[in-house]
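Reviewing the structure listed below.
So you know, we letter chains A, B, ... as the sequences are listed, proteins then strands, and number each from 1.
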Number of protein chains: 4
Amino acid sequence: MSSTPSFKRLPRAVREQQMLDAAVKVFSRRGFHAASMDEIAEDAGISKPMVYAYLGTKEELFIACLHRETARMMLAIAGAAAPDLPPDQRLWRGLRAFFGFVGAHRDGWAVLYRQARGSQPFATELAAMRARLVEVVAGMLDHALRARGREVAATELEVVAYALVGASESLADWLADHPEAEPEKTATRMMNVAWLGAAQLLDGVTWRPPTD
Amino acid sequence: MSSTPSFKRLPRAVREQQMLDAAVKVFSRRGFHAASMDEIAEDAGISKPMVYAYLGTKEELFIACLHRETARMMLAIAGAAAPDLPPDQRLWRGLRAFFGFVGAHRDGWAVLYRQARGSQPFATELAAMRARLVEVVAGMLDHALRARGREVAATELEVVAYALVGASESLADWLADHPEAEPEKTATRMMNVAWLGAAQLLDGVTWRPPTD
Amino acid sequence: MSSTPSFKRLPRAVREQQMLDAAVKVFSRRGFHAASMDEIAEDAGISKPMVYAYLGTKEELFIACLHRETARMMLAIAGAAAPDLPPDQRLWRGLRAFFGFVGAHRDGWAVLYRQARGSQPFATELAAMRARLVEVVAGMLDHALRARGREVAATELEVVAYALVGASESLADWLADHPEAEPEKTATRMMNVAWLGAAQLLDGVTWRPPTD
Amino acid sequence: MSSTPSFKRLPRAVREQQMLDAAVKVFSRRGFHAASMDEIAEDAGISKPMVYAYLGTKEELFIACLHRETARMMLAIAGAAAPDLPPDQRLWRGLRAFFGFVGAHRDGWAVLYRQARGSQPFATELAAMRARLVEVVAGMLDHALRARGREVAATELEVVAYALVGASESLADWLADHPEAEPEKTATRMMNVAWLGAAQLLDGVTWRPPTD
DNA sequence: TATGAATGAGACTTCATTCAT
DNA sequence: GATGAATGAAGTCTCATTCAT
């Protein structure tokens, strides 16, 4: 009598994934503020107090979404861009994996970037993730430079990497908004913009402002 | 002491500017949703009903901010990048003006982009403005191409322009977050990324994905 | 310089009528609470402070409307139902005038009755007007009774009169809602209901509840 | 003292009735617009959000009141005026039930009619209910006519029924305003006005306007 | 006289969050 | 473990009403 198993009692890990799925869906559809815990709970097929018990506050819930989606994305990219490939190959594989991920999880992307960029509480989280990306890209550039016996100040590398990441994010936004667009083609376009410029830099060509 | 100037009963145009100033400030500090009309009104030194009477709903107020800041920015850029300059000069002047504007109105930039990107009601407004920028950049590229007797499909040009604009926005975000950074230096960096890559494209160099 | 005549300076009486016209129109269209002083002032082509200066508070303004419309209606009825006519003639003329008035001033009727009946502040005003109508009707009945040498307690007469007035109001409501309906026909119908029953009463026929 | 009954956490159905009770009370005391959701909630001994959660918007809440009171009244009338009685008996029983109901639920009556008559959103609801009453009355008249081998156009019957209903409503208003008045006596009076006139009509007597 | 400018007050409504069962 | 019931707090918006010009 005391141990009658209830069919509803799923293990905690499963329930949490259901909730995160629902949360990502609702957050991406409505935005952080407009999303209501009611809708998330209902969409997850669970009662609100459960959501609070498992994943905490609305803000914490959003951060949990961010974490999960970020981890998935970084995993996809890292898996594709093996460190032992030549730099241009790594960049291409990384970009293709990135746009492939965005194309496959447009919801997640919307949550990750568009929502988070706006409000302070999540800026930190987002900045951390972007920093990791920038670091990876800067590492590729550095790797390529050293292979040619050249060297550039770390700051400069970072800014260039930042711009490349920004351009990628922008195209990813564009991709998320165009359901019919092909991720691979988008990746190729980005590669054209990114690699041609980067290759020049790698070869020591630089542009300097006119004395005016 | 007897001639204290009368601070109240200002004409409508003046009050509207005060309100917009306050709104830009509060929106950029708190984000659209977290910003309260109370705080905006108080910051403008006026009562809430006046804000509603002059500038309408919270949403309309935000759009009014967007419009004003956008117009200012486009004016600054258009004034700097005269159409009769050679393309690289135009791009450089335009970028310098753009980053200069962002550096000078970091509040406005935050409102313009970061907030608006998130929520649907403003996506349209923002897309329109970005479209104008993209168009200008694509025009520059096209101009340069024709000068070299070459031609590229409009779609391709637009995607490249889109990526460049995205990279600029990203650096602008970075600039807005780093109060000590110099706009002109940031513009130079962006120019390096943008122009070197673009110049390659202009010369007919392209990158193609490996057959894998 | 001090007596330059302004074309806008209409005499007070005219302005007041304009305001009342506008007020009746807006009150009847929106109802008392939903009507806004702004709309009334704008509809009257005058500024709000003027409305307050001339006709006072919103509540006072509504009562002013009530008064004017009431007076007009009573005048129309009294003018038609001359006291020296035989009772059935008076009733008929009165009813015809009443429905004619309602048909011609559907706005005014809506203000008068539908709005006022609901809220306490105006119940008094309305009751007073209805009391005058009831009194007139009861007077007719009494007159007819005496002509036949009969007499009935005043209370009874009043209740009957009250019911007749109520039935008339009801048909008037119906008339106000049916723009295509003809006032005269409606009056005839009411006369059928009213006079046939009243005539019976006048003849001493009464109905008594069964002992059950 | 240790077994103080728990007044809180009542089941939904109970709370809804409490809320409706409070709403009817407040609406009838203040009128729709002047009534505040705060007061209703407080009167129901519950917080405002519960009212919204269970019964929705203020407007929806009012309509819910209308429905409940209407249903109760129609039930009372239908239960009293059995269709197998002779017409005059049905009319009498129906009227007695009607005035009995109004006398017992003066609050409800005020909500039902006086408030609803004024504003558009409820006109439909009210019209529907009145239409059912009119239909019932017209049915009685038709029944009586056929019993005497006569027939009258449906439209005419309806207008007569409408007038009778209007007269009843008017007397009901009067009853609601006179706490000391006896419902049964009022019903008798109404019966006198209604039945005597109707009986004449049933017998084929009609009144025609003079050629003037 | 006439009005644009201004506001205090208050209404409805929605949420994130927590008890008590 | 799970949930229906419950609420404090806040936010947007509107309106009648009054100054000061």
Expressed in angstrom and rounded to an integer, what is the separation of Met19(A) atom CE from dG1(F) atom P? 11 Å
Separation of atom CG in Leu55(B) from atom P in dC13(F), rounded to whole Å: 13 Å
Return the minimal non-hydrogen interatomic distance between Asp43(A) and Ala22(A), and the atom names on each side. OD1-CB, 3.6 Å
Between atom CD1 in Ile40(A) and atom C1' in dT14(E), what is the gap in whole Å? 15 Å
Closest approach of Leu55(C) and Glu60(C), non-hydrogen atoms and distance? O-CB, 3.7 Å
Rounding to a whole Å, what distance do you find between Glu42(B):CD and dT7(E):C1'? 14 Å
Nucleotide of dT17(F), dA5(E), dA2(F) approaching Ser47(A) most closely (side-chain heavy atoms): dA2(F)
Which nucleotide sits closest to the side chain of Arg15(C): dA5(E), dT17(F), dA2(E)? dA2(E)
Which nucleotide in the list dT17(E), dA16(F), dG4(E) gets nearest to the side chain of Tyr52(A)? dT17(E)
In the structure shown, which nucleotide is the Watson-Crick or G-U wobble counterpart of dA2(F), with both distances under 3.5 Å? dT21(E)
Counting only side-chain heavy atoms from C-beta out, which of dT17(E), dT7(F), dT3(E) sits nearest to Met50(D)? dT7(F)
Looking at dA16(F), which nucleotide sits across from it as a Watson-Crick or G-U wobble partner, both distances under 3.5 angstrom, or is there none? dT7(E)
If you look at every heavy atom in Gln18(A) and Ala44(A), which pair is closest and at what distance? OE1-O, 4.0 Å
Per Pro49(B) side chain, nearest of listed nucleotides dC15(F), dT3(F), dA6(F): dC15(F)
Under 3.5 Å, is there any donor-acceptor pair linking the side chain of Lys48(D) to the base of dT7(F)? no
Any side-chain heavy atom of His105(C) sitting closer than 4.5 Å to one from Val24(C)? no
Nearest-Å distance, CZ (Arg12(D)) to C1' (dT3(F))? 14 Å
Parallel, tilted or perpendicular: which fits the ring planes of Phe27(B) and Phe32(B), with parallel below 30° and perpendicular above 60°? parallel
When you match Ser36(B) and His33(C) each to their closest nucleotide on DNA chain F, which lands nearer the 5' end? Ser36(B)
For the pair made of CG in Asp38(D) and P in dC12(E), what is the distance, rounded to whole Å? 7 Å
Touch check for Ala35(A), heavy atoms < 4.0 angstrom, all strands: base, sugar-phosphate only, or nothing? sugar-phosphate
For Glu16(D) and dA5(F), give me the distance from atom CD to atom C1', rounded to whole Å. 12 Å
On the nucleotide dA6(E), are OP1 or OP2 found under 4.0 Å from the side-chain N or O atoms that Tyr54(B) carries? yes
State which residue, out of Lys58(D), Arg30(D), Lys48(D), fulfils the salt bridge (Lys or Arg N to Asp or Glu O under 4.0 Å) condition with Asp38(D). Lys48(D)
5'-most by nearest nucleotide on DNA chain E - Gly45(B) or Gly56(A): Gly45(B)
Rounded to whole Å, please give me the gap between CG in Leu10(D) and C1' in dG4(F). 12 Å
Side chain of Ile46(D) - closest among dT7(F), dA16(E), dA5(E): dT7(F)
